[in-house]
Amino acid sequence: GQLDSGETIDLKIQVKNNGSANASTVNGTLSTTDPNVTVVQPSVTYGSISAGSTTNVSTSYRILIPVIAPDDREMSFNLRLTDNAGRTWNERVGLTNHAAILRHNGETVVDLGGNSNGRPDPGESVQYTVKIKNLGTGPASSVTAKLRSWNGLAVVTDSMATWGTI
């Protein structure tokens, strides 16, 4: 799938030995300086990789992307590979994060028993339906909202709304 804000990702990175000699006891370390991601499992042991071969990855690096990570952001990582001969390789790994960006996209006001002008007027009971749009590239799961009257001029009798996944 894709990387989404708020997820913990187990990331398997295959490695190919493009050289003409075997590499033994290959270890990988994944790091980043990006403040929008944390590498919580930075080390993987690849073992021996024959010349021209690609690894069969069995273990994962683990990264944590916080809910507040921005949408459509490329997160840059460094994969440092070492072998028992003291050789070192650094490879850049770029991954793009996906996040929801929720915006108010309109509303409908039904003034029950009122003058039917689509606006809440003093003394009317209204049904207020809010429309929300996701402008981001990632999903927003279990979306709920609570309506409050901050100035005390209205009484909210059913304050909860649920949209599910947007």
Side-chain angles (χ1 to χ4, degrees), residues 1-107 128-150 156 158-166:
Q2 64 182 26
L3 302 172
D4 294 319
S5 291
E7 290 184 331
T8 299
I9 310 292
D10 287 331
L11 184 63
K12 292 184 178 182
I13 301 175
Q14 285 188 317
V15 175
K16 181 176 182 178
N17 181 348
N18 289 321
S20 58
N22 295 341
S24 54
T25 317
V26 176
N27 293 299
T29 303
L30 189 68
S31 62
T32 185
T33 58
D34 191 319
N36 291 296
V37 63
T38 303
V39 180
V40 293
Q41 173 56 45
S43 301
V44 166
T45 299
Y46 289 97
S48 295
I49 307 171
S50 301
S53 295
T54 301
T55 59
N56 184 9
V57 182
S58 59
T59 56
S60 304
Y61 301 97
R62 180 168 281 180
I63 60 174
L64 173 65
I65 304 171
V67 173
I68 61 170
D71 183 44
D72 206 25
R73 177 184 172 96
E74 183 174 331
M75 299 176 175
S76 185
F77 298 86
N78 182 62
L79 177 59
R80 181 180 174 91
L81 300 166
T82 59
D83 70 2
N84 69 344
R87 295 177 289 198
T88 301
W89 303 268
N90 287 289
E91 294 292 330
R92 183 191 168 283
V93 177
L95 302 171
T96 302
N97 182 57
H98 301 276
I101 301 172
L102 298 180
R103 293 291 185 262
H104 175 251
N105 194 40
E107 68 281 329
Y128 189 69
T129 304
V130 176
K131 298 173 190 169
I132 294 178
K133 185 175 185 176
N134 183 354
L135 302 176
T137 61
S141 302
S142 304
V143 177
T144 61
K146 192 179 289 188
L147 180 65
R148 294 287 185 244
S149 171
W150 293 110
V156 180
D158 182 7
S159 65
M160 294 300 297
T162 302
W163 287 266
T165 299
I166 301 174

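If you read the sequence from its start, that first residue is 1, and numbering goes on from there.
Nearest heavy-atom pair across Ile13 and Tyr46 is O-OH, 2.9 Å. Among all heavy-atom pairs drawn from Leu147 and Tyr128, the shortest one is CD2-CD2, 4.2 Å. Nearest heavy-atom pair across Ser5 and Ala99 is OG-CB, 3.2 Å. Listed here is the closest heavy atom pair of Ala69 and Ile65: CB-CG2, 3.6 Å. In this structure, Ser142 and Thr165 approach most closely via the heavy-atom pair N-OG1, 4.2 Å. Across every non-hydrogen atom of Gln41 and Ser60, the tightest pair is CG-O, 3.6 Å.
The main-chain N or O of Gly138 is never found under 3.5 Å from a side-chain atom of Asp4 such that the two would form a donor-acceptor pair. With hydrogens and angles ignored, the 3.5 Å screen pairs a side-chain donor or acceptor of Asn134 with a backbone N or O of Ile101.
Rounding to the nearest 0.5 Å places OH of Tyr61 at 7.5 Å from OG of Ser43. Interatomic distance, Leu3 CG to Asn97 CG, rounded to the nearest 0.5 Å: 6.5 Å. Atom CG of residue Leu81 and atom OG1 of residue Thr88 lie 9.0 Å apart, to the nearest 0.5 angstrom. Note: Ile63 CD1 to Glu7 CD = 9.5 Å, rounded to the nearest 0.5 Å. For the atom pair CZ (Arg62) and OG1 (Thr8), the distance works out to 6.5 Å, reported to the nearest 0.5 Å. Once rounded to the nearest 0.5 Å, the distance linking CG of Asn56 with NZ of Lys12 reads 8.5 Å.
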Check residues 47-55 and write down every donor-acceptor pair under 3.5 Å in which the side-chain atom is one partner and the other belongs to a residue at least two apart or another chain.
from: Thr55; atom 1: OG1; to: Val15; atom 2: N; distance (Å): 2.9
from: Thr55; atom 1: OG1; to: Val15; atom 2: O; distance (Å): 3.4

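For residues 28-39, the set of pairs meeting the side chain to side chain donor-acceptor pair (under 3.5 Å) definition, not counting sequence neighbours, comprises Asp34-Asn36, Asp34-Arg73.
In this structure the side chain of Gln2 reaches within 4.5 angstrom of the side chain of Pro139, judged on heavy atoms. Within the 4.5 Å cutoff, the side chain of Thr96 has heavy atoms near those of the Asp72 side chain. Residues Val156 and Arg148 form no side-chain contact, since every pair of their non-hydrogen atoms from C-beta on lies 4.5 Å or further apart. With a 4.5 Å cut-off on side-chain heavy atoms, Leu11 and Phe77 do not count as touching.
Residue Arg87 qualifies as enclosed at atom CZ: its count of foreign heavy atoms under 6.0 Å is above 12. More than 12 non-hydrogen atoms from other residues, nucleotides or ligands lie less than 6.0 angstrom from CG of Leu135.
A donor atom on one side chain and an acceptor atom on the other are not found under 3.5 Å apart for Asp83 and Thr25.
For Asp71, the side-chain hydrogen bond (donor to acceptor under 3.5 Å, both in side chains) partners at least two apart in sequence or on another chain are Thr137.
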